[in-house]
**Student:** 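Here's a structure for you.
Side chains are part of it too, since the values below use all heavy atoms of this structure and drop only hydrogens, waters and symmetry mates. Labels below follow one simple rule: chain letters A, B, ... track the order of the sequence lines, proteins then strands, and each chain is numbered from 1.
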2 protein chains.
Amino acid sequence: MKLQKITDSGKRRYDDACGTAHALDLIGERWALLVMRELMLGPKRFGDLRSDLPGISANVLTQRLEGLESAGLLVKRRLPPPASTQVYELTAWGYEAEPIVQSLGKWAARSPAHDPTLPISATSIMLSLRTMFDPARAEGFRARIGFRLGSESFVASIGEGRFESGRGETAGTDAVFTGTPPGLAAAVYGGQPFEALEDAGILKVEGDLVMARRFTTLFPLPSKVKAP
Amino acid sequence: MKLQKITDSGKRRYDDACGTAHALDLIGERWALLVMRELMLGPKRFGDLRSDLPGISANVLTQRLEGLESAGLLVKRRLPPPASTQVYELTAWGYEAEPIVQSLGKWAARSPAHDPTLPISATSIMLSLRTMFDPARAEGFRARIGFRLGSESFVASIGEGRFESGRGETAGTDAVFTGTPPGLAAAVYGGQPFEALEDAGILKVEGDLVMARRFTTLFPLPSKVKAP
DNA sequence: CGGCATCCGGGAAGATACTG
DNA sequence: CAGTATCTTCCCGGATGCCG
């Protein structure tokens, strides 16, 4: 026997006027916010999303993309020929969800249960730099830093106490980090010296090494909560 | 045949070092963040949580409270006699999740699908005032406002462009709003005149009505995204 | 290969009843 | 009032297969 409220149009929602609850109606399903995170730095194809989200299955990814599209958070777009592949791109409102991703990330950085050895995507690590940047530590520092993580390239600019970043070519930057996302994480958050990381084969640093070293000090982690 | 990663200890987690993903491991389950929201303004009993969260079932609430407690986000505490009832209270780290609740609420306020006519708890509406407060609109304004919503009382203080609020008695405030959470929402976000709300029997305003009216103008809603 | 539809097993959520 | 027990429903995850 099927009993459900007549207003229920199939979806499971919170019946709550609170904005927070409505946000969870929109992006509270499993994987939804991580799909948004992966698109925060620009559009991606289905397969790239899938490989950047360890563990998501194809049908769930399809469902989330449908849901987020019908909510107005992303659009399915076909690139112009000859590269006429399909990509998923956040709408303006979808990009406005970045503070959500950031507040979650900043908050969870204090968790005693956080395991930094798990895999991490290039988009995640680049976004985390935005989140953890400390303007006070960048006093009088001005630099453009390039990143080559797998097949993706990013550029970050520091100046006037501000941090800006996005996809972009590394040409003309002061220093370039080349390697894996965990390698970059180890340099920035793990305080690992460049030599150790190069020896481990997970990160190479070229260009102005002094600037590069200074760069890695701009992203302090908050103190951990003592384990319960 | 049962195939699962050995690291899986029963729980369904994202295997992702990203802080955002870890936050979702902690508070990403259904209802979890709304339980946190209801505790943001102070401890509550099981039954109060249940009645303030429309639709949650007792067993799910039990599971979430267990999960949040073992994550170190709340503690189960027994009030001293004679009122020796049990309450749930956020830990310091739990309270630090407020920016998450706020960023979600602020973001979702732009949603075209948001339905403000749904029920809303006293805690939700009081938290939303913190979220939506606009310091620029409070230039030169100084007031203490009381709220009596159902059986709960709150006090908000505006001054120096800051907004502070919490549970508290309404004695000595400049004006007092008495009524239902939707009534207060209609006054602040719906721009309804006090008379209409009093006639509807959902809100009564006492004290300095000019201050009370000014108060209701300090919480502008962002513009809606056009429906998809 | 990219993008889906479909089927199935397990488990989480929902509803209700029950107990101290 | 504060949960527990049980049953049902539905979502998630994995596998497979279709179609361009």
**Student:** Specify the separation, in whole Å, of atom CG of A/L65 and atom P of D/dC12.
**Tutor:**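 Checked: the CG to P distance equals 14 Å.
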
**Student:** Where the side chain of B/R30 is defined as all heavy atoms beyond and including C-beta, which of D/dG3, C/dA13, D/dT4 is the nearest nucleotide?
**Tutor:**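 The answer is C/dA13.
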
**Student:** Please report the distance, rounded to the nearest Å, between CZ in B/R78 and P in D/dC1.
**Tutor:**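 From B/R78 CZ to D/dC1 P: 16 Å.
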
**Student:** B/S57 has a side chain; which of D/dC12, C/dC7, C/dA15 sits nearest to it?
**Tutor:**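 For B/S57, the side-chain atoms sit closest to C/dA15.
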
**Student:** Between B/R13 (CZ) and D/dC12 (P), how many Å, whole number?
**Tutor:**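 Nearest whole value for this atom pair: 18 Å.
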
**Student:** In whole Å, I'd like the distance from the CD atom of A/E29 to the P atom of D/dC10.
**Tutor:**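 Value for this atom pair: 15 Å.
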
**Student:** Between B/R37 and B/T123, does any side-chain donor sit less than 3.5 Å from a side-chain acceptor?
**Tutor:**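 Their side chains do not contain a donor-acceptor pair, so the 3.5 Å distance test is not met.
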
**Student:** From the list C/dA5, D/dT4, C/dA12, which nucleotide is the closest neighbour of the side chain of B/R12?
**Tutor:**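 Minimum distance to the B/R12 side chain belongs to C/dA12.
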
**Student:** Roughly, in whole Å, what's the span from CG in A/L49 to C1' in C/dC1?
**Tutor:**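 Checked: the CG to C1' distance equals 15 Å.
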
**Student:** Would you mind reading off the distance between B/L79 atom CG and D/dC1 atom C1', rounded to a whole angstrom?
**Tutor:**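 Rounded to the whole Å, the gap is 14 Å.
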
**Student:** If you measure only the distance, is there a donor-acceptor pair under 3.5 Å linking the side chains of A/T173 and A/T170?
**Tutor:**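 A/T170 and A/T173 do not have a side-chain donor-acceptor pair below 3.5 Å.
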
**Student:** For the side chain of B/D174 and the backbone of B/I145, is there at least one donor-acceptor N/O pair under 3.5 Å apart?
**Tutor:**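 Between the backbone of B/I145 and the side chain of B/D174 there is no qualifying donor-acceptor contact (under 3.5 Å).
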
**Student:** Taking the inter-plane angle between the rings of A/F219 and A/F163 on a 0 to 90° scale, is it parallel (under 30°), tilted (30 to 60°) or perpendicular (over 60°)?
**Tutor:**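 Taking A/F163 first and then A/F219, their aromatic rings stand perpendicular (interplane angle over 60°).
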
**Student:** Could you please name the option among D/dG3, D/dC12, D/dA15 that lies closest to any side-chain atom of B/F46?
**Tutor:**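 Nearest nucleotide to the side chain: D/dG3.
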
**Student:** Rounded to whole Å, please give me the gap between OH in B/Y14 and C1' in D/dG13.
**Tutor:**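 The distance from OH of B/Y14 to C1' of D/dG13 comes to 12 Å, rounded to the nearest Å.
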
**Student:** Could one point to a donor on the side chain of A/N59 or the base of D/dG14 with an acceptor on the other under 3.5 Å away?
**Tutor:**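 Pair found.
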
**Student:** What integer distance in Å separates A/E69:CD from C/dC4:C1'?
**Tutor:**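 Rounded to whole Å, this separation is 14 Å.
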
**Student:** Taking only side-chain N and O atoms of B/K44, does any of them lie within less than 4.0 angstrom of OP1 or OP2 on D/dA2?
**Tutor:**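 The answer is no; no side-chain N or O of B/K44 sits under 4.0 Å from OP1 or OP2.
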
**Student:** Of the candidate nucleotides D/dA2, C/dG11, C/dA13, which contains the atom at the shortest distance from the side chain of B/Q63?
**Tutor:**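 Selected nucleotide: C/dA13.
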
**Student:** Judged by each residue's nearest nucleotide on DNA chain C, which is more toward the 5′ side, A/D48 or A/E66?
**Tutor:**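 Residue closer to the 5' terminus by nearest nucleotide: A/D48.
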
**Student:** C/dA12, OP1 or OP2 - any side-chain N/O from B/W31 closer than 4.0 Å?
**Tutor:**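 Result: no.
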
**Student:** Once the angle between the rings of A/F177 and A/F215 is folded into 0 to 90°, is it parallel (under 30°), tilted (30 to 60°) or perpendicular (over 60°)?
**Tutor:**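 Tilted, since the angle between the ring planes falls between 30° and 60°.
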
**Student:** Which nucleotide in the list D/dG13, D/dT4, C/dA5 gets nearest to the side chain of A/V60?
**Tutor:**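 Nucleotide nearest to A/V60's side chain: D/dG13.
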
**Student:** When you check the phosphate oxygens OP1 and OP2 of D/dC12, does a side-chain N or O of A/R64 lie under 4.0 Å from one of them?
**Tutor:**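 It does, given that an N or O in the side chain of A/R64 lies less than 4.0 Å from OP1 or OP2 of D/dC12.
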
